[in-house]
Colleague: 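Here it is, the structure, as structure tokens.
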Amino acid sequence: MMSYLAAALQMTSTPDLEKNLVQAEELIELAVRQGAELIGLPENFAFLGREEEKLAQAETIALKAEKFLKTMAQRFQVTILGGGFPVPVENNPNKAYNTALLVDPSGIEVSRYEKVHLFDVNVPDGNTYRESSTVMAGNALPPIYSSDKLGKIGLSICYDVRFPELYRHLSLKGAEILFIPAAFTAFTGKDHWKALLQARAIENTCYVIAPAQTGNHYERRYSHGHATIVDPWGVILADAGEKPGIAIAEISPIRLEQVRRQMPSLQHRVFA
Ligand SMILES: O=C(O)CNC(=O)[C@H](CS)NC(=O)CCC(=O)C(=O)O
């Protein structure tokens, strides 16, 4: 692993696929111009709209999102995470997997994860989320992509952040960098987002890269924003605030090694 810059992108995606990809491309270019070699796009980067509409367009979204990620990675010679887009489930027109895809600079898929924990929650602000009505839960633990240059990268998506056992699995498998792309609700995000990201970084002594959705997407759907990069000590290295943009920071193997020496908690585990 070497030292390099990583970027967590922050978008306001809408129900307009083409416009979302244009927005994503602009932000990828911005990150590349600032020197980023690892770039994460948030959950729902290609489409954020009504559940039924997402399902109806799932095939198109899946094809275009995947092609987009591969084209961008190749064109800019960077590794890109698409933090979550619907991929239709075979023989089931009513469900899609919420899929995160990591693509390397040659445009090749190197890691794929289907979201396991679905957001079926009545948020106290009056909004009701039933992700399971259109999403099929993945049934496999997330993979780790091991790159000589970028380190060992573990995938996850959004609501997963509330389930520490998933990240413990990743850190025990050697993860050094945890991707947590999200579309966190404005209501839960204001109290939980930062604390959860710092907790996952501190307890696993890993970098956390958390791309985010922000602002008003459609109707009453608002996201919290604050795409964030956290270092293995829990220090917030970059925070994109509330407008679309990027959070960019250095990922350093020297810092990682230093923190793991200063705080060897991963080695002191008793129960798991
Ligand atoms: O709605 C879609 O189109 C796609 N899915 C999402 O945006 C997902 C599921 S609804 N959002 C979350 O997991 C938010 C979690 C969250 O906000 C929390 O844990 O507090």
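In each ligand, atom 1 is the first atom listed, and ligand 1 is the first ligand listed. Position 1 is the first residue of the sequence, and the numbers go up from there.
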Colleague: Does Lys190 qualify as a cation-pi partner of Phe187, given the criterion of NZ or CZ under 6.0 Å from the six-membered ring centre and within 45 degrees of its axis?
Modeller: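 Satisfied, under 6.0 Å and within 45°.
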Colleague: Would you call Arg75 and Glu25 a salt bridge, using N to O less than 4.0 angstrom?
Modeller: yes
Colleague: Between Thr185 and ligand 1, does any nitrogen or oxygen pair lie at a separation below 3.5 Å?
Modeller: yes
Colleague: Is the closest heavy-atom distance from His192 to ligand 1 below 4.0 Å?
Modeller: no
Colleague: Which heavy atom of Met72 sits nearest to which heavy atom of Ile28, and what is that distance?
Modeller: CG-CD1, 3.8 Å
Colleague: Only one of Glu114, Glu131, Lys54 forms a side-chain hydrogen bond (donor to acceptor under 3.5 Å, both in side chains) with Asn98, so which one is it?
Modeller: Glu131
Colleague: Any idea which heavy atoms bring Gln74 and Gly107 closest together, and the distance?
Modeller: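 Heavy atoms only, the tightest pair is CG-N, 3.8 Å.
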Colleague: Can you tell me which portion of Arg162 lies within the under-4.0 Å heavy-atom range of ligand 1? Options are side chain, backbone, both, or neither.
Modeller: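 Arg162 to ligand 1: side-chain contact only, backbone stays beyond 4.0 Å.
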Colleague: Mark up the atoms of ligand 1 that fall under 4.0 Å of a heavy atom belonging to Thr188, in ascending order.
Modeller: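 Listed by number with element: 16 (C), 17 (O), 18 (C), 20 (O).
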Colleague: Could you list which atoms of ligand 1 come closer than 4.0 Å to a heavy atom of Arg221?
Modeller: 1 (O), 2 (C), 6 (C), 7 (O)
Colleague: Can we say Glu18 and Lys64 salt-bridge, meaning some charged N sits less than 4.0 Å from an Asp/Glu carboxylate O?
Modeller: yes
Colleague: Does Glu51 have a non-hydrogen atom less than 4.0 Å from ligand 1?
Modeller: yes
Colleague: Nearest 0.5 angstrom please: Tyr97 OH to Thr134 OG1, how far?
Modeller: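 That separation rounds to 13.5 Å.
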Colleague: Just to check, does Gln213 reach to within less than 4.0 Å of ligand 1 when the distance is taken from its heavy atoms?
Modeller: no
Colleague: Mind checking whether His217 contacts ligand 1 via backbone (N, CA, C, O), side chain (CB onward), both or neither, at a 4.0 Å heavy-atom cut-off?
Modeller: neither
Colleague: So if I count the atoms of ligand 1 from 1 in the order they appear, which ones are less than 4.0 Å from some heavy atom of Ala183?
Modeller: 7 (O), 11 (N), 14 (C)
Colleague: Can you report which non-hydrogen protein atom sits closest to atom 10 (S) of ligand 1, along with the distance?
Modeller: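 So the nearest neighbour among protein heavy atoms is Phe119 CD2, 3.7 Å.
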Colleague: For side chain to side chain donor-acceptor pair (under 3.5 Å), just list the numbers for Asp104 and Ser106, CA-CA rounded to whole Å, side-chain angles, deciding distance to a tenth of an Å, and then say yes or no.
Modeller: CA-CA 5 Å; Asp104 81 1; Ser106 56; 2.7 Å; yes
Colleague: Report the part of Asn44 (side chain from C-beta onward, or backbone N, CA, C, O) that has a heavy atom under 4.0 Å from ligand 1; answer both or neither where that applies.
Modeller: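 The answer is the side chain.
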Colleague: What protein heavy atom sits nearest atom 11 (N) of ligand 1, and how far away is it?
Modeller: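 Ranking protein heavy atoms by distance from atom 11 (N) of ligand 1, first comes Glu43 OE1, 3.6 Å.
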Colleague: Could you tell me whether Lys149 and Glu37 have a side-chain N and a carboxylate O separated by less than 4.0 Å?
Modeller: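 Answer for the salt bridge query: yes.
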Colleague: Under a 4.0 Å heavy-atom limit, does Cys158 contact ligand 1 with its side chain, its backbone, both, or neither?
Modeller: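 The part of Cys158 near ligand 1 is the side chain, not the backbone.
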Colleague: Non-hydrogen atoms of Lys115 versus ligand 1: any pair closer than 4.0 Å?
Modeller: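 Lys115: in contact with ligand 1 (<4.0 Å).
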